[in-house]
Number of protein chains: 2
Amino acid sequence: MISQKAKYALRALLVLADLKTDSISIAEMAEQHRMPRKFLEQILLDLKHAGLVQSRRGVAGGYSLLKPADTITFGQVLRLIDGPLAPLPCLSRVAYRRCEDCHDEASCRIRRVFGHVANATRAILDQTTIADAQADPERVGRILGGIQGAA
Amino acid sequence: MISQKAKYALRALLVLADLKTDSISIAEMAEQHRMPRKFLEQILLDLKHAGLVQSRRGVAGGYSLLKPADTITFGQVLRLIDGPLAPLPCLSRVAYRRCEDCHDEASCRIRRVFGHVANATRAILDQTTIADAQADPERVGRILGGIQGAA
DNA sequence: CCTATATCCTATCGGATCAGTAGGCTTTAA
DNA sequence: TTAAAGCCTACTGATCCGATAGGATATAGG
């Protein structure tokens, strides 16, 4: 399960991508899209620190996307908010950690199975962008048809 | 990330599947495979209640598989120990729960993306059995080639 | 320059989950 | 009868989750 925080982050990015005006305040976004105001504030700050969005302070302040929506992947956002995607620490590329009870990683039969899971989810999440999700329903499906991916 | 408990459960099932004798005691399994004895005890009990393994009490007691190894899937074990596989509650088949902040599920753009992730991981985990993992390294790969699966 | 309004940032908190431990109860074989 | 095994429930310390609180800082308009 992905965290509530990650869900809010993705929703917030979609809101920013959909935006017709050039920015939106936290309060507006929180109210219009039913997210807890202060929690959303934290999340947007994280996204800002990661360089995905930008902000303006003061009276007419607010947030907008910094990176183009088609360069922000779901994988990137999830790693940022929830940490590694990998189902086992020993399968994470960004945050590799040895399973301390496993003598021989190469021959670990559990690792082998989950390696395939990790590849499949990465194939989807690292190639699907905010712009893809934003686009018409069919598009995500077509993208996934391209990669050797989901059923 | 799957829990430590689920990892132990899978390892325990592999141990039972590999078994040459007809049963093994918790203490033996714990020691030989470096798992915390009492924790393992709980886990085997869960597996027993789920009908995957059987036990004999008393002096020469111990555990053995009840179901054939090729009928126990990774998905089954993970759901048993860790709960739903789905990345969102609204995508779980066994434990569906509406995302309470989502007005229209059918048009939810986040749900759509994670639906593909859910399908991909289910395709792998619900078809890979303990026997598959137990078998030679290549076999899991071949199975996965069959389903429209992992990269 | 002052003030209203926005973001920035750190701390805190209650509840849940995780990874075990503890310990008594029951069954079984010798 | 007793030692050795599994059965079962309760507890515990640590960490994480989903927020909330509140002050600091920046900005635009009057």
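Just so it is clear: chains get the letters A, B, ... in the order the sequence lines come, proteins before strands, and each one is counted from 1.
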Numerically ordered, the residues 33-52 of chain B set in heavy-atom contact under 4.0 Å with DNA chain D is B:K38, B:E41, B:Q42, B:L45, B:K48, B:H49
Where do [X] and [Y] come nearest, in terms of heavy atoms and distance?
X     : Y      : value
B:G51 : B:K67  : O-CG, 3.6 Å
B:A17 : B:I130 : CB-CG2, 3.9 Å
B:S55 : B:K48  : OG-NZ, 2.9 Å
A:R37 : A:I26  : O-CG2, 3.7 Å

Just how far, in rounded Å, is [atom2] of [N] from [atom1] of [X]?
X     : N      : atom1 : atom2 : result
B:K5  : C:dT21 : NZ    : C1'   : 14 Å
A:I24 : C:dA6  : CD1   : P     : 12 Å
A:R57 : C:dA6  : CZ    : P     : 14 Å

key: Under 4.0 angstrom between A:S55 side-chain N/O and C:dC8 OP1 or OP2   = yes
Result for 5'-nearest mapping on DNA chain D, choosing between A:A60 and A:A6, is A:A6
Comparing B:A27 with A:D82, nearest DNA chain D nucleotide closer to 5' gives the residue B:A27
Donor-acceptor check, side chain of [X] to backbone of [Y], threshold 3.5 angstrom: yes or no?
X      : Y      : value
A:Q76  : A:T73  : yes
B:N119 : B:H116 : no
A:D70  : A:A131 : no

At a 4.0 Å cut-off to heavy atoms of chain B, the contacted part of DNA chain D spans D:dA3 to D:dA10
Q) Side chains of A:S64 and A:D22: is there a donor and an acceptor less than 3.5 Å apart? A) no
Between A:I26 and A:V59, the residue closer to the 5' end of DNA chain C by nearest nucleotide is A:V59
